[in-house]
Each structure stands twice: as C-alpha cells, then as structure tokens.
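Letters go in sequence order (proteins before strands), and every chain restarts at 1.
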There are 2 protein chains.
Amino acid sequence: MTRSVATAEPMKAHRLYLLLREQILSGEVPDSAKLPSEPQLAQEHRVSRVTVRRALDKLASDGMIERRPGSGTFVSGGQTRMPVVADLANALTHLVEMGRKTGVRLIAFSYVNATPALAEELKLEPGERLQRSVRVRLIDGQPFSYLVTHVPERIGISYSEADLASTPLLELLERTGLVADKAQQIIGATLASPDVAAALDVEIGAALLSMTRVVYEASGRGIEHLQALYRPDRYSFHMELARTGDRGARRWTAADSRSLTEANENNNKKNAREKRPPLKRRTTHETGRDPSET
Amino acid sequence: MTRSVATAEPMKAHRLYLLLREQILSGEVPDSAKLPSEPQLAQEHRVSRVTVRRALDKLASDGMIERRPGSGTFVSGGQTRMPVVADLANALTHLVEMGRKTGVRLIAFSYVNATPALAEELKLEPGERLQRSVRVRLIDGQPFSYLVTHVPERIGISYSEADLASTPLLELLERTGLVADKAQQIIGATLASPDVAAALDVEIGAALLSMTRVVYEASGRGIEHLQALYRPDRYSFHMELARTGDRGARRWTAADSRSLTEANENNNKKNAREKRPPLKRRTTHETGRDPSET
DNA sequence: GAAATCTGTATCTTTTATAGGACAGATAGA
DNA sequence: TCTATCTGTCCTATAAAAGATACAGATTTC
C-alpha cells in the first residue's frame, strides 16, 4: 500500500500514442511505411482528428514519425528494437563481460513483517521479520528493472546496505555459505504504478514484464523472494527451443535465456521529460537513499 | 494498423482501480485485510476522495472488497490467484488431459504480403504471401490468449479454415510432413489495444503478456510466426530452476513450463459489462467469422 | 490543371472527470 | 457516553480533454 496515482494528460490521445508507439517499435508497422491518414486513424480509433493529432504530435516530438504535408505521415527509419545481448541461464553476470556498464540504485531498505502471502511463498512463519530492499538496475545509465527483494532477517544481516548497492543479491547470499538449491519463477505482466514508473522512467500506465522468483535452499526453506519489473523495451526473455523426441512423444526442450534489448537512440531526443512529479518515495517507514551507481 | 482507441472512463479512478485490483489479486494486500481509509488513499495517491471512491466502487461491484460504514473497507476472502495447471514444455496439449475444456475462436483468416519485419524473422523474401489467422483460445469458456499467426502460403493451403478452429496449428503443420526443428521465443509485455481487449474481455489499457515465437524447419526456413497475447491473470509462464555446477561455474538449469491460472470466480459477478462497444472487426480485407468453440 | 487527399492551424463548443466541501449515519475505542 | 474515524450521499465549481468545423497550403493523381 504505497503508491500514488497522478498525472493529468490527454488520455485518449495518450493511449493512442502508446499504441502507435508500440506498433512502430515492435516493427508491426514497417520502417518508412506510411501511416494511415489522420482522418483514417480518427475513424478507426473512434476519436476525433484533434485527438489523433495530439498523439501524432507526441510521436513526432519523439522523432519516431515524420509528417509530410500533403502526402502523409511516415515512420522514421531505424525504429525497430534489436536484441543485443543474449545472456544464458541466469542473471546479468555476463553483461559486464560483454562490456556493458551496469549499475544499481538502492531505493529503499528496511525490515518488515512477512505478509501471509510472502510467508507462504517463502515457506516461513507469517509475521517473521524480513529484510526488504528495493533496487533499480541500470544498463549504460538507463534503468531497465525494478527489484523488490525480501530475505529472512537472519540472513539479511550478514551483509550491509552498501553491499546491496554493489553486489548481486544471490552472490551475497551464497557468500554467507547459503546454498541455493532450487528456484521457481513466474513471468507475467503488469501496469506501471507511479513509483516504479518514475524509477524506470516510463509512462505511468505502461506495460511491464514482471517476474516473481523464489529461491530455496536445499532444506526447502526460502532464502530469497524477488519481485522484478522490467521495461519490456529494454529487457525481455528469450528462449531457444529444440524439437526433440520422436513423433507421438515430441517435445520442445528449452535452453532458457534472457536478453537485453538495445534502447532506441531516437527516444533520447525529447526524453528530458517535463513531467516528473514531486513523487514522495518511502511512504511507509523505509529508510531510503540513493547511493551512486556502481 | 487495425485498432481503435475508445472508451470514456474516469481515468484516474480507473487507474487506481487497476492498481488496487492488482495488489489484491497478487496477494500484496492480504485477504480480509483492511485497506487504508478513503481519505488516506486519496492523500497517498494524490487524488480527491471522489476519485478514490469511484475506484473502490468498481472494486466493490467486482466483489473484491467489502465496505463497512464506520469501520473501513476490507478485502473479500478468496482473492489470491492460484496456479492450477502446470503444463510442461510446450503448448496446451496437457490441458485437455487434465479435464479442462479448451476452445478456439477463429476471428480472422486471410492471405497477406509479408511485411519486411515478418519476412526477416521468418527468413523469407519480403512480400512473400503469408496466411494470416487470428484466433482466441478459451479455457472453460473464458478467453485467455489472442493468437496471430503467419504461415507461408504454400504451407497454409494444406489445411482448411475449419482445421484452424479445431486443431493446434503446430499439429496441422506437422501433419503435412513438415518437421519443426527449432524455435525461438521472446516474452515481453504490452498494452491491450481495443480489439484484443474486446477479444480477451479485459479493459483497454490492461497489461498483457506477449510472446513471439518463430518456428523453423531443419532447412532453417521459418514455417510459423506466432504473436501471442495472454491475459496475465489467466496465463503465465512458470519455470522451475535447479542450481547446478560447482562454485565458480554454477548455473541455473531450467525446466521450462507454463501454467494457467485459475480465474477468480468473484469476478464473474458484475462482469456482464455495460460497455462492449460496437467494435468493428476485420477492418482490412479479412474474411472473418466466429466458429463455435471446439 | 483540376480534383482528391494530405497535413497544418485556428476557433469554438460540449462534455465530463476531478476537486473540494458539508453533513448524516455507523462503528469502535477510551 | 463522548470522541475520533469510518463510509454513504449530495452538492457545486473548475479545469481541461475531446469533439466539431472551417480553411489554408502541399502533394499526388489522372
């Protein structure tokens, strides 16, 4: 229960903007292709031309489209997102090796009581003390993931706040002698709430990839609960599958992998955004701070 | 370029509604817990109480919360979503075995020219003819996925429109003697555009899980391009991971799996929604139809 | 060169989401 | 019982998003 709804923007226009933006970025609308005319868009989307116009204005100021009076509106070149790093199996360990600068911002750090849901997932007693931390990961200075982790207090005290801002949590855990044995991941999707929207530098209603991961040690007790939110334009899950087995019992075997997606250079144009509301962080009793990136 | 933006709803209210809904459904706010008071919510989220009220009204009409004058607003019991079926590796083949009734609705069927993006992904010539089909999968009568598939024409003609409405595409392909060799999947997130929103029976701005899959035959040529959109409350990707290897070279090995999520029964209450706009399907030149479920 | 179809621009109106109060009735705790 | 704190209701005011319309200038097409 910490979040806030704000922003007063032309809504229909903004929606249309997000939609078109997506279609362009995803390559659904080819580069240099001509968009439907404003009246057409207006009709198709059941809004007035003024609204369409507002959406296109935004796209134009993002440098994503080019408007040619008399002829039409066109998609600017080089818009399609391209996956860049394919990072096998786990984490971002390889990113560094690949020469990308990653960073972490510690946003919040506190100790809380386990909610029933958390306790159940971690297989702990309800109400048990947990260390809660909120971090944002950056790649080349750009935020791409928002991580909320919960770790049993007895484990959490073995490392410092500063450690969190510089070292992957799993590594910290294993340093303390704990052995991660198995884990469970669930991947879904959510809307960006205002605080994560601010942290990830996305619009408030934007779609985010979400991953919930619970790591267990051999004894079966949970040692880490991670709730991660990713910017889908900067991070996505990739997997290569191979067809194995004979007919009748054919299967796909997965070689799971994740990958970062190259941020679109064009989007940095007008992205010195106007609206960065005076959002109040740490609404509850979190002792927050913003350590420098690593 | 077929989509429409519509809907005139209280926006901030709606956003707040979605947010709270999520927090409740995800168990972030425990069952039977007391929500912050209306004035509190108003302050935290920087909106007026009227707006908070509208959001809560919606939640209440969904049966998700219970309001007790004088004391507060409480989360109704049995809200947390529970995963039900864990379907290993590929597809939904196991669902049937598990006794769930699945169905397919064929929404559109046509032949189109490959866009550059499609051609590249499928490793075909740009402009090549493709069979395009749009389907919606149902589980127990409830839509959970929206599938847009593209298949090279020469392959597509080997089965009928009716086949599509009754048989999984991959099976159809392999029936024709084609051998799927490898595939690539990318999982991300998107916003629901009006047409898919209608098809999946979700709100228009809702977050959707998206998966893009390209299947190749041994020769390396693409034989299927699938763009799938999932309702995250009904479908999500699950994976169990095991920690393998010694320290220094430890890895997570994945046993990929997906799972369906039990739909929340409470939501069927007022879900005879008012607003189901007279959306026009098949905006382009698609010959559509709505075959009965299988 | 005329017609059709674009985008650019400007003005005016309608609609409505949101804010901000005031107040009654219910409930819980001191 | 008194007080503080809820939700339930009703009202008005304001800001602004969205719609409607008309027209100028560019471009393409025939």
### Query
Less than 4.5 Å apart, any side-chain heavy atom of Leu229(A) and any of Val148(A)?
no

### Message
One character per nucleotide, please: for nucleotides 21-30 of chain D, 5' to 3', B when the base has a protein heavy atom closer than 4.0 Å, S when only the sugar-phosphate does, - otherwise.
### Response
----BBS---

### Message
So if I take every side-chain heavy atom of Thr51(A) and compare against dG19(D), dC6(C), dT7(D), which nucleotide ends up nearest?
### Response
dG19(D)

### Task
Measure from CD on Glu66(B) to P on dC6(D) and round the result to the nearest Å.
18 Å

### Message
Quick one, Gln227(A) with Leu147(A), criterion side-chain contact (heavy atoms from CB on, under 4.5 Å). Give me CA distance, side-chain angles, the key distance, then yes/no.
### Response
CA-CA 6 Å; Gln227(A) 171 64 252; Leu147(A) 312 168; over 6 Å; no

## Note on the structure
Rounded to whole Å, CG of Asp57(A) lies from C1' of dA18(D) at a distance of 15 Å

### Terminal axes of the helix from dG1(C)-dC30(D) to dA30(C)-dT1(D) (five pairs each): angle between them, nearest 10 degrees
40°

#### Entry: Given dT7(D), dG8(C), dA19(C), the nucleotide with the shortest approach to the side chain of Pro39(B)
dT7(D)

### Query
Roughly how many Å is it from NZ in Lys12(B) to P in dT16(C), rounded to a whole number?
18 Å

### Message
Donor-acceptor check, side chain of Ser236(B) to backbone of Gly188(A), threshold 3.5 angstrom: yes or no?
### Response
no

### Short side-chain to backbone donor-acceptor contact, Arg21(B) and Leu59(B), under 3.5 Å
no

### Query
Which pair of heavy atoms, one from Ile187(B) and one from Leu209(A), lies closest together, and at what distance?
O-CD1, 3.5 Å

#### Entry: Main-chain N/O of Asp201(A) paired to Arg231(A) side chain as donor or acceptor, under 3.5 Å
yes

### Separation of dG8(D) P from Leu41(B) CG (nearest whole Å)
13 Å

### Summary
Side-chain atoms of Ser37(B) come closest, of dG19(D), dA19(C), dT7(D), to dT7(D)

### Message
Please report the distance, rounded to the nearest Å, between NE2 in His45(B) and P in dA19(C).
### Response
13 Å

### Task
Using whole Å, report how far CD of Glu38(B) lies from C1' of dT18(C).
16 Å

### Query
Considering only side-chain heavy atoms of Arg53(A), which listed nucleotide, dG8(D), dT18(C), dG8(C), is closest?
dG8(C)

### Query
Looking at Arg105(A) and Leu138(A), what are the two nearest heavy atoms and their distance?
NH2-CD2, 3.6 Å

#### Entry: Contact summary for Ala189(B) and Ala189(A), nearest pair of heavy atoms
CB-CB, 4.0 Å

### Task
Measure across Ala13(B) and Ala55(B) and return the closest heavy-atom pair with its distance rounded to 0.1 Å.
O-CB, 3.5 Å

### Query
OP1 or OP2 of dG8(D) sitting under 4.0 Å from any side-chain N/O of Arg67(B)?
yes

### Message
Please determine whether a side-chain nitrogen or oxygen atom of Lys34(B) lies at a distance below 4.0 Å from atom OP1 or OP2 of dC6(D).
### Response
no

#### Entry: Rounded distance in Å - CZ (Arg15(A)) to C1' (dA17(C))
13 Å

### Task
Report the C-alpha separation of Leu35(A) and Leu56(A) in whole Å, then their side-chain angles, then the decisive distance to 0.1 Å, and conclude whether the side-chain contact (heavy atoms from CB on, under 4.5 Å) test is met.
CA-CA 10 Å; Leu35(A) 286 179; Leu56(A) 294 184; 4.3 Å; yes

#### Entry: Under 3.5 Å donor-acceptor pair, Arg54(A) side-chain atoms to dA17(D) base atoms
no

### Query
Whole Å only: how far is the NE2 atom of His14(A) from the C1' atom of dA17(C)?
17 Å

